[in-house]
2 protein chains.
Amino acid sequence: MDVKTLCLGLLSRGDYSGYEIRKQFEEGAFSHFQDAGFGSIYPALKRLTEEGLATCSAQAQESRPDKKVYRITPRGREALFEAVNEPPAPDKLRSDFMFVLYFADLVPPRQLDRLIAGRIAHHEEVIARLEAIDLSRRTSEEAFVIRYGIALHRAARDYFETHRHELVGDSIRSGATA
Amino acid sequence: MDVKTLCLGLLSRGDYSGYEIRKQFEEGAFSHFQDAGFGSIYPALKRLTEEGLATCSAQAQESRPDKKVYRITPRGREALFEAVNEPPAPDKLRSDFMFVLYFADLVPPRQLDRLIAGRIAHHEEVIARLEAIDLSRRTSEEAFVIRYGIALHRAARDYFETHRHELVGDSIRSGATA
DNA sequence: AGGTACATGTAAGCTGTTACATGATTTT
DNA sequence: AAAATCATGTAACAGCTTACATGTACCT
């Protein structure tokens with residue numbers, strides 16, 4: 001799924017500027033399974049407009065660049081319909097963190113401990129962010145996906161809390177603290 | 001983490017050919033958090049050799065191309081050490097499947113039901129594959145990562161089994177089957 | 001005085017994917 | 001007879017990331 005389709009999806013639920021779209025990728029309901037930065041969002045919105053899948057209206061603002069608000073067109077909705085009815089490509093996960101853990105014997109115990117603490121904190125953050133979303137204002141599909149995110153991040157957090165001692169516990173207790 | 005470093009990691013646990021490395025990405029302990037195809041593995045191994053991080057010995061085989069077996073060098077081990085002691089980049093997950101679910105109202109209920117059934121089956125497959133790994137032959141770090149994979153895929157499977165009715169249950173029961 | 005949030009965009013570069021090229025052996 | 005497995009590699013392409021370019025307003 002390219003960034004173009006991702007943007008189209010967001011626009012199907014409301015009118016947004018590129019800046020707002022990026023914020024949704026960063027903080028919104030999508031944030032736990034998709035990502036995109038300015039460098040891919042702006043060109044994507046441009047192409048969406050060129051292809052007639054969205055329209056753009058520039059809103060003049062004082063002492064700021066024009067805010068360009070995009071709106072999905074009927075043809076854009078068709079394109080989104082077709083995209084979600086295609087068999088989805090397999091998930092792609094790339095976790096440098098897990099790679100590091102796989103070779104955790106090469107990492108000093110202290111650093112490893114900090115790393116895992118940071119990971120747990122990160123999961124807590126994501127959980128808090130997703131829990132803060134008011135589900136009563138969302139479609140049941142959206143709520144399903146958001147709750148999935150919460151469930152998965154909780155599972156990850158719980159795993160680390162329960163098993164972290166298997167990685168760092170012993171090394172910390174023996175001489176490493178000297 | 002680029003494919004070069006990923007290959008270096010695998011080579012730190014044994015000598016392998018490009019073909020075998022790909023199999024490990026596909027089926028091995030890594031498979032649930034990293035991925036790479038031939039098109040990136042072969043060039044990566046070539047560069048590893050050029051940079052003196054691995055050596056390559058071609059083993060002649062009858063009626064097959066030479067099998068090129070790579071072995072990590074001491075400098076390769078140093079490079080791996082440095083890589084895993086760098087702060088890891090944040091995880092990157094791209095899930096077209098979750099995107100589709102987010103807009104599941106656009107998908108016919110039957111198709112949605114099949115999609116979710118397939119997803120559950122996929123999680124079962126990954127769980128079975130990871131459970132088949134003999135942990136007694138692995139380092140505790142590797143076992144930790146493998147068990148993490150099992151835990152996460154179980155959580156995902158359980159979520160779908162418990163909540164799938166929220167997405168498709170009602171639509172299936174009402175007129176859609178006509 | 002400095003950092004963050006608002007606001008958009010381009011260009012170069014890096015990386016990875018897909019398709020192509022080749023060919024024998026083993027399994028179904 | 002077809003499909004999968006073994007086995008390596010290149011070239012073109014697509015896509016995303018990073019850095020650059022610009023500037024105001026508000027908060028600390």
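Side-chain heavy-atom separations under 4.5 angstrom define the hydrophobic clusters, and the remaining members of the one that includes A:Ile150 are A:Val126, A:Ile127, A:Leu130, A:Ile133, A:Leu135, A:Ile146.
Atoms CG (A:Asp66) and P (D:dT22) sit 18 Å apart, rounded to a whole Å. Rounded to an integer number of Å, the gap from NZ of A:Lys92 to C1' of D:dG15 is 11 Å. Spacing between atom NZ of B:Lys67 and atom C1' of C:dT25 amounts to 15 Å, rounded to whole angstrom units. D:dC13 atom P lies 19 Å from atom CG of A:Asp2, rounded to whole Å.
Close placement of the B:Phe103 and B:Phe99 rings is indicated, their centers lying within 6.0 Å of each other. Two rings, from A:Phe144 and B:Tyr159, have their centers less than 6.0 Å apart.
Listed by chain and number, the residues in a salt bridge (Lys or Arg N to Asp or Glu O under 4.0 Å) with A:Asp2 amount to none (sequence neighbours excluded).
Across its full length, the helix from C:dA1-D:dT28 to C:dT28-D:dA1 shows an angle of 50° between the axes of its 5 terminal pairs at either end, rounded to 10 degrees.
When each of D:dC16, C:dT17, D:dT8 is scored by its nearest atom to the side-chain atoms of B:Arg94, the top-ranked nucleotide is D:dC16. For A:Ser17, taking side-chain heavy atoms from C-beta onward, the closest of the listed nucleotides C:dT17, D:dC16, C:dT8 is C:dT8.
The stretch residues 19-47 of chain B touches DNA chain C through B:Gly39, B:Ser40, each having a heavy atom under 4.0 angstrom from the strand.
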Using distance only, find each side-chain donor-acceptor pair of residues 77-88 of chain B under 3.5 Å and give its atom names and separation, not counting sequence neighbours.
residue: B:Arg77; atom: NH1; partner: B:Ser12; partner atom: O; Å: 3.4
residue: B:Asn85; atom: ND2; partner: A:Leu106; partner atom: O; Å: 3.1
residue: B:Asn85; atom: ND2; partner: B:Phe81; partner atom: O; Å: 2.8

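Note on A:Tyr42: it does not cluster hydrophobically with A:Tyr70, by side-chain heavy-atom contacts below 4.5 Å among ILVMFWY residues.
The list of salt bridge (charged side-chain N to carboxylate O under 4.0 Å, His left out) pairs with a residue in residues 11-30 of chain B, not counting sequence neighbours, reads A:Asp105-B:Arg13, B:Arg13-B:Glu142, B:Asp15-B:Arg71, B:Glu20-B:Lys67, B:Arg22-B:Glu26.
The nearest pair of heavy atoms linking B:Ser95 to A:Asp91 is OG-OD1, 2.9 Å.
Within the nucleic acid shown, B:Tyr70 comes within 4.0 Å of sugar-phosphate atoms alone, with no base atom in reach, counting heavy atoms only.
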